Amino acid sequence: MDTLEQRTISKISWRLLPLLMVCYFIAYLDRVNIGFAGASMSKDLGFSAAVFGSAAGIFFLSYFLCEVPSNLALEKFGARKWIARIMFSWGVLSAGQAWVDSATSFNVVRFLLGIAEAGFFPGVIFYITLWFPAAYRARIVGWFMFAIPISTVIGAPISGFILDMDGMGGMHGWQWLFILEALPAIFLTFVVLFYLPDGPQDAKWLTDEERAWLAQTLAAERQNRESIHKISWKQTLLNPKVIALGFVYMGITVPLYGLGFFLPQIIKGFGGLSNVQVGFINAFPYLVGAIAMIFWTRGSDRMKERKWFVLIPLACIVAGLLIAANTAAPVPKMAAVTLAAFGIFSALPTFWTLPTAFLSGTAAAAGIAWINSIGNLGGYIGPTIFGALKDRMGNDVYAVMFLASLAVVAFALVFFMRHDTRAEGFDVKAPAH
C-alpha cells in the first residue's frame, strides 16, 4: 500500500473511530436498555407484553419522521455541533424514562426520545463518507457498528447488576438503570464539542500532503460515482432502489430489535436465573456477532464483494430464527439465536456499502437517512407485533417466525437487486501530485 495512503487512513481511524464507537455504544445501550428493564418495569407498572412492546417501539416512529431533516441539518450545521446536540437531548430524555408511571407517560417519553436521537446513526454513516475512500468503508462501518453487539456484551451484565439495586434510595432497579446509563451521553456531549472536526478541512492533525491526498481521492470517487448515478437529494426520496434498500434494512432491524427487546425475557422464561445470569447468557450471541462483524467486513473489503456478503448473513438470520422458533430447549434455542446474531451483525455494516456505492453529497445525506428511516420502522413494527403475537399465542413461536419472515423479504430484494461495482470506484485513484 502507498505509504501516504496508509499513514492518512491510519491517522484518521485512530483519531475518529474510538470516539464515534464510544458514542454509538452509549446510544445503543440507551436505546435497548428498555429490554433489560422490561420484565421488572412491566411488573411494577402493570404493563402487558403488547403495551410494553408498543411503547418500546414508538421510539422508532418519531425517529422515522425526523431522520431526513436531522441529517440535512447535520450537513448544514456541521457534525460537531449537531451530534453534540443529539447526544445531550437523548441523554436527558433517556434518564427521564425513570419517572414514567403509566402507559401514556411511557409512550410520550419514548416518542420524544426518538425525535432527540434521530439523525445520529445516518449522520455518522454520512460523516464516514467524508473521511474514508470506498475500499475502506465496510471495515470502518464495521468497527463503528461493533458498538452494537459490544454494548450488549458489556452492557448486559452491567444492566443486570444495576437492576439488583432495586430498593436503593427508594427507587426500583429499572429506574436506576435508566438514570445511570444516560449520564455518559450527557458527558460525551462536551467531548464531541471540543474534539470532533466537521470534516478533513478542519483536521489540523493532518499534514497538507495527507489532506490533499484525501480530498483528491474522495473527489475522484465522487466524480466516478456521479458519472454513473447522479440524483438530487429530493429524487432519492422516490428512488425505487433507495426505497428497496430501506426495506432490506428493515429485514435486518426487525430481527435485531425484536430480539434485543425480548431476548432477556425469553431467557428469563428458562427459569431459575438471576438478573446477572440472564445478562451474561444474553450477551453470548452478541459476542459472537461482534467477532463476526470485524472478520466479515474485512473479507468484503478484501474481496471487493458486497452483494453476497449481505445475502449469506440474511440466510443465516432466517435459518437461525426458524430453528429458534421451533425448539423450546434452552441450549438449542440459544445456539439458533447465536446463528441469527451472526447473520444480523455480519449483514449490518456490509449493507451500508450498498447505498454509499451510488449516493454522493447531499443526496447521500438524505438517502442514507431515508434508508435508515424506513429500516428503523422495523424497530417499531418488530417489538409491537412480537409483543402482540406473544400475548395472543401465549408463547414466542409465531413471534420469532414473524422476525424470520422479514429477513426472507430482505434476502429476495437483495438477490434481485442490481449492484454496479463500477460506481464504488475501488480502483479510482487520486490524481498524481
Side-chain angles (χ1 to χ4, degrees), residues 12 15-34 58-99 108-131 141 144-145 147-148 151 178-204 233 352 361-373 375-377 379-380:
I12 295 169
R15 184 78 181 195
L16 300 182
L17 275 179
L19 176 59
L20 294 175
M21 288 172 67
V22 169
C23 289
Y24 197 38
F25 173 90
I26 299 302
Y28 199 79
L29 187 61
D30 284 349
R31 185 184 295 185
V32 300
N33 60 10
I34 191 73
I58 201 171
F59 164 96
F60 295 96
L61 192 56
S62 53
Y63 189 89
F64 166 80
L65 296 172
C66 298
E67 281 278 78
V68 173
S70 182
N71 229 32
L72 292 174
L74 181 143
E75 193 199 26
K76 180 177 181 180
F77 297 114
R80 183 177 63 87
K81 291 179 182 177
W82 198 251
I83 290 175
R85 192 284 304 163
I86 290 171
M87 297 191 69
F88 183 79
S89 55
W90 104 48
V92 170
L93 285 162
S94 186
Q97 293 174 105
W99 288 279
V108 168
V109 174
R110 292 290 295 176
F111 189 83
L112 292 175
L113 186 60
I115 295 174
E117 197 186 320
F120 176 76
F121 176 80
V124 173
I125 297 296
F126 173 65
Y127 186 65
I128 285 171
T129 68
L130 303 180
W131 292 91
V141 174
F144 169 61
M145 297 188 78
I148 297 179
S151 69
F178 289 132
I179 294 168
L180 294 179
E181 292 188 350
L183 292 177
I186 298 172
F187 168 75
L188 282 168
T189 299
F190 304 99
V191 178
V192 168
L193 274 175
F194 288 106
Y195 187 85
L196 197 70
D198 283 323
Q201 71 279 0
D202 301 312
K204 305 274 195 263
W233 76 264
W352 284 107
T362 308
I368 291 167
W370 186 223
I371 290 166
N372 197 55
S373 297
N376 273 289
L377 272 180
Y380 177 73

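Quick caveat: nothing in here was measured; it's all calculated off a predicted structure.
Taking the ring centre of Tyr127 as origin, the terminal cationic atom of Arg80 falls outside the region bounded by 6.0 Å and 45° from the ring axis.
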>> What verdict does the side-chain contact (heavy atoms from CB on, under 4.5 Å) test give for Leu19 and Tyr195, after you've listed the backbone C-alpha separation in whole Å, the side-chain angles of each residue and the deciding distance to 0.1 Å?
In response: CA-CA 9 Å; Leu19 176 59; Tyr195 187 85; 3.4 Å; yes
>> I'd like to know whether Val124 forms a side-chain contact (heavy atoms from CB on, under 4.5 Å) with Val141, so could you lay out the CA-CA distance, the side-chain angles of the two residues, the decisive distance to 0.1 Å, and finally the verdict.
In response: CA-CA 9 Å; Val124 173; Val141 174; over 6 Å; no
>> Determine whether Phe126 and Glu75 satisfy the following criterion, side-chain contact (heavy atoms from CB on, under 4.5 Å), listing intermediate values before the conclusion.
In response: CA-CA 9 Å; Phe126 173 65; Glu75 193 199 26; 4.0 Å; yes
> Step by step, would you call Ile115 with Trp90 a side-chain contact (heavy atoms from CB on, under 4.5 Å)?
Replying inline: CA-CA 9 Å; Ile115 295 174; Trp90 104 48; over 6 Å; no
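Residues Met145 and Trp352 have side chains in contact (heavy-atom distance under 4.5 Å, counting atoms from C-beta outward). Within the 4.5 Å cutoff, the side chain of Ser62 has no heavy atoms near those of the Leu112 side chain. Side-chain contact between Cys23 and Val191: absent, with no pair of heavy atoms (C-beta onward) separated by less than 4.5 Å. Contact of the Tyr24 side chain with the Phe120 side chain is registered, since non-hydrogen atoms from C-beta on lie closer than 4.5 Å. Proximity of Leu16 to Leu196: side-chain heavy atoms (C-beta onward) are separated by under 4.5 Å at one or more points. Under the 4.5 Å side-chain criterion, counting only non-hydrogen atoms from C-beta, Trp131 is in contact with Pro200. In this structure, Asn372 and Phe121 have side chains that are in contact, with non-hydrogen atoms separated by less than 4.5 Å.
Contact between Ala185 and Gly91 at its shortest, heavy atoms only, is CB-CA, 3.9 Å. Contact between Ser70 and Ile86 at its shortest, heavy atoms only, is OG-CD1, 4.1 Å. Considering all non-hydrogen atoms of both residues, Ala182 and Ala95 come closest at CB-N, 3.5 Å. When all heavy atoms of Thr189 and Ala84 are compared, the pair lying nearest together is CG2-O, 3.4 Å. Across all their heavy atoms, Ala147 and Met21 have their closest contact at CB-O, 3.4 Å.
Annotation: salt bridge (charged side-chain N to carboxylate O under 4.0 Å, His left out) contacts involving residues 113-129, sequence neighbours excluded, comprise Arg31-Glu117.
In this structure, CG on Leu113 lies 11.5 Å from CD1 on Ile58, to the nearest 0.5 angstrom. Of the inter-residue distances, the one linking Leu61 atom CG with Ser373 atom OG reads 11.0 Å to the nearest 0.5 angstrom. The structure places CD of Glu181 at 10.5 Å from CD of Gln97, a figure rounded to the nearest 0.5 Å. Distance check: Ile83 CD1 to Leu193 CG gives 10.5 Å after rounding to the nearest 0.5 Å. To the nearest 0.5 Å, the span separating CD1 on Ile125 from CD1 on Ile371 amounts to 10.5 Å. With rounding to the nearest 0.5 Å, the separation of CG in Leu130 from CD1 in Ile12 is 11.0 Å.
Asn71 places no side-chain N or O within 3.5 Å of a backbone atom of Ala366 that could act as its donor or acceptor partner. In this structure, the side chain of Glu67 does not engage the main chain of Ala118 through any donor-acceptor pair within 3.5 Å.
For Val92, the side chain to side chain contact (heavy atoms under 4.5 Å, CB included) test picks out Phe88, Ile186, with sequence neighbours left out.
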